[in-house]
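Residue numbers start from 1 in every chain, and the chains themselves are labelled A, B, ... in the order their sequence lines are given, proteins ahead of strands. The analysis underlying the following values was restricted to heavy atoms, covering all of them including side chains, and did not include hydrogens, waters or symmetry mates.
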There are 2 protein chains.
Amino acid sequence: MPQLLARKYEQFIGLADDDRAALQHLADSPARTARARTDIIREGEQPRGAMLILDGWASLYKTLEDGRRQMLAMLLPGDLCELNASMLREMDHSLGTITALTYVELPAPVMEALAIDHPRIASALTWDLLVAAAIQREWTLNLGQRSALERIAHLICEMFVRLNAVGLTQAGGFDCPLTQTDLAEATGMTPVHVNRTLQDLRARRLIEWRGRSVVILRWQDLCSAAMFSPNYLHIERSEDHPGVGGQQSMERST
Amino acid sequence: MPQLLARKYEQFIGLADDDRAALQHLADSPARTARARTDIIREGEQPRGAMLILDGWASLYKTLEDGRRQMLAMLLPGDLCELNASMLREMDHSLGTITALTYVELPAPVMEALAIDHPRIASALTWDLLVAAAIQREWTLNLGQRSALERIAHLICEMFVRLNAVGLTQAGGFDCPLTQTDLAEATGMTPVHVNRTLQDLRARRLIEWRGRSVVILRWQDLCSAAMFSPNYLHIERSEDHPGVGGQQSMERST
DNA sequence: CGAACCTTTGAACGGTGTCAATTCTGGTGG
DNA sequence: CCACCAGAATTGACACCGTTCAAAGGTTCG
């Protein structure tokens, strides 16, 4: 948990000691907690500050009047969202927890001061925004063009790479609190079909998924089944990727 | 075409004369042109500056290796894209024209200087980025949860409101250069099904669409068929919306 | 050890996709 | 001014992916 943000941003830009200290200072702000499956802010409400996830998983989502619900983004530890959102009059989406969550709310003035005092952090924040937008575009592609199997596989690939970037993977797998209903909301499918698709992925020996434990058995094959290429995550300096399954690399194939 | 940007940004923030002049100066930069159906920049290439659309329509899109293609955003006159994109090593999506296009390329240093000299413009640019992200989220919802009819109807509603904001609507309709194949790429459907869905919308007397002319017959009913609410476009000061179909209002109905 | 939630299964349905023609339209050259 | 052409729109028949609805197992945790 310590240095989550600094670690992430150093993938993009070198930080000085005082930059790291400033980022650590953010994470040391009085943390808030929320229980699993609760909303932190809802569509229609007035935006508060940016939200920095310290521990646990959350999601952005929207709902239609008749109850249909679509997840828009998965928020993992180290993720920042709603940056600058307070410029808008009201929220156009909701932020809800998946697990119990520890986070900090960072009011706009705090972020402004931070950006002024630390130009490299300002750059890193812009980079963070760009990457979030890129992920949103990839999700658009996911929903619009990929088949059920490809969508689920793609989501697994993305979660793995993102968790890996903050040190939350272990030996070719990760701890995943998502239910099949969550996966359904993220991929625009029904829970029933998610279940069948996961069975398919397991039958192909691409992954194992028991309880909260996801294990990726064949990274390259999973990537190609998903048509996953990590380019949109814009991770520039990938020196210390552990590699999945021992010898396989996480480099783009093609 | 003159004052396109200023007009749009004044929906969000008041501008001073010198702000307007600076925006006009941008649009006066040596304009580039591109023919219809050509790419301006492709995935994998190195980002250049921001792109400001002066005239014509374009789109952002991504493709999968096997040729499946998904439109990510519709770019209309007055739209700005790829702001800050040059911070990233390579493009993760492509920008292609739909019609013949007039645009300007704005190198990062130009935009930086502009933001430093004109704080209100800097705010407006951030607002622009936030709205673009909100639209991307709405497209995610569109693809993930809405039916074919809802998707097409929603896209038409969005295009109308956005064109209206830059004065490109006429009497409850607008000039639309999109082919049914374009609509298919935007909505994640096949061209054949787009065709049938448009017939459905026409049979319900919600729209007319002949050639390039789109006429919205019953705005409120189209909105509710689409579950469209313009809140995500974050148009704050909507004093001079002409209203569609004479007496109908564009306010949200809930 | 029960209750709540999650996962899994089966069968039938239906929205969209696929494929292949055919008709229409706008722009072009003779 | 008209014949022509390429692209766009339209149509029909059929297949299939994913949904729907309902019920049965599993798991977790108080």
J.: Between atom CZ in B:Arg37 and atom P in C:dG27, what is the gap in whole Å?
T.: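 The answer, rounded to whole Å, is 14 Å.
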
J.: Give the nucleotide from the list C:dA20, C:dT7, C:dT16 with an atom nearest to the side chain of A:Asn195.
T.: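 Of the candidates, C:dT7 comes closest.
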
J.: Can you measure A:His193 atom NE2 to C:dC13 atom P for me and round it to whole angstrom units?
T.: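 Rounding to the nearest Å, NE2 of A:His193 and P of C:dC13 are 19 Å apart.
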
J.: Starting at atom CD1 of B:Ile152, determine the distance to atom P of C:dG15, rounded to an integer number of angstrom.
T.: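 Those two atoms, CD1 and P, are 16 Å apart.
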
J.: If I take atom CG in residue A:Asp200 and atom C1' in nucleotide C:dT8, what distance separates them, rounded to the nearest angstrom?
T.: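 Taking CG of A:Asp200 and C1' of C:dT8, I get 15 Å after rounding.
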
J.: Treating B:Arg218 as the side-chain partner and B:Arg204 as the backbone partner, does any N or O pair qualify as donor plus acceptor under 3.5 Å?
T.: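 Yes, because the side chain of B:Arg218 sits within donor-acceptor range (under 3.5 Å) of the backbone of B:Arg204.
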
J.: Between the side chains of A:Glu158 and A:Asn142, does any donor sit under 3.5 Å from an acceptor?
T.: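 Not at all, the side chains of A:Glu158 and A:Asn142 share no donor-acceptor pair under 3.5 Å.
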
J.: Answer yes or no: is there an ion pair linking B:Arg196 with B:Asp200, defined by an N-O contact shorter than 4.0 Å?
T.: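 No salt bridge links B:Arg196 with B:Asp200.
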
J.: Are B:Arg205 and B:Asp221 within salt-bridge range, i.e. N to O under 4.0 Å?
T.: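 Result for this pair is no, no salt bridge flagged.
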
J.: Please classify the nucleic acid contact of A:Arg68 as base, sugar-phosphate, or nothing, using heavy-atom distances under 4.0 Å.
T.: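 Counting heavy atoms under 4.0 Å across all strands, no contact is made by A:Arg68.
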
J.: Rounded off to whole Å, could you give me the CE-to-P distance for the A:Met189 and C:dT8 pair?
T.: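 Atom CE in A:Met189 sits about 13 Å away from atom P in C:dT8.
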
J.: In dot-bracket, 5' to 3', how would DNA chain D read with Watson-Crick or G-U wobble pairs under 3.5 Å, [ ] for crossing ones and | for pairs to another strand?
T.: ||||||||||||||||||||||||||||||

J.: Under 30°, 30 to 60°, or over 60°: which ring-plane class applies to A:Trp219 and A:Phe160, parallel, tilted or perpendicular?
T.: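 Geometry flag for A:Phe160 against A:Trp219: tilted rings.
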
J.: On DNA chain D, which is the earliest and which the latest nucleotide, 5' to 3', with an atom closer than 4.0 Å to a heavy atom of chain B?
T.: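 Using the under 4.0 Å cut-off, the span is D:dA8 to D:dA13.
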
J.: Rounded to the Å, how far apart are A:Leu198 CG and C:dT9 P?
T.: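 It is 12 Å, rounded to the nearest whole Å.
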
J.: Want to settle it: does A:Thr197 or B:Thr181 sit nearer the 5' end of DNA chain D, counting the closest nucleotide to each?
T.: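 It is B:Thr181, whose closest nucleotide lies nearer the 5' terminus.
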
J.: For a quick check of understanding: with a heavy-atom distance under 4.0 Å over all strands, which category does A:Arg146 fall into, base, sugar-phosphate or nothing?
T.: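 The residue A:Arg146 makes no contact with any strand.
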
J.: Under 4.0 Å, counting only non-hydrogen atoms across every strand here, what does A:Ser147 touch: a base, just sugar-phosphate, or nothing?
T.: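 Sugar-phosphate, no base atom in range.
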
J.: Are OP1 or OP2 of C:dT8 and a side-chain N or O of A:Arg202 less than 4.0 angstrom apart?
T.: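 Answer yes for this pair, as a side-chain N or O of A:Arg202 is under 4.0 Å from OP1 or OP2.
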
J.: Are any of the side-chain nitrogens in A:Arg68 or A:Glu65 under 4.0 Å away from the carboxylate oxygens of its partner?
T.: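 Between A:Glu65 and A:Arg68 there is no salt bridge, as every charged N stays at least 4.0 Å from the carboxylate O atoms.
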
J.: In a check of side chain to side chain donor-acceptor pair (under 3.5 Å) between B:Thr140 and each of A:His93, A:Gln136, A:Arg137, which one passes?
T.: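 The option that passes is A:Gln136.
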
J.: Going by atom types only, do B:Thr169 and B:Asn164 share a side-chain donor-acceptor pair under 3.5 Å?
T.: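 Yes, side-chain donor-acceptor contact under 3.5 Å.
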
J.: Would you kindly check whether a donor in the side chain of A:Arg196 faces an acceptor in the base of C:dG10, or vice versa, at under 3.5 angstrom?
T.: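 Donor-acceptor pair under 3.5 Å: yes.
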
J.: Tell me, do B:Ser213 and B:Phe174 make a side-chain contact under 4.5 Å, heavy atoms counted?
T.: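 The answer is no; the side chains never approach within 4.5 Å.
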
J.: Atom CD of B:Gln199 and atom C1' of C:dT16: how far apart are they, to the nearest Å?
T.: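 Distance check: B:Gln199 CD to C:dT16 C1' gives 15 Å.
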
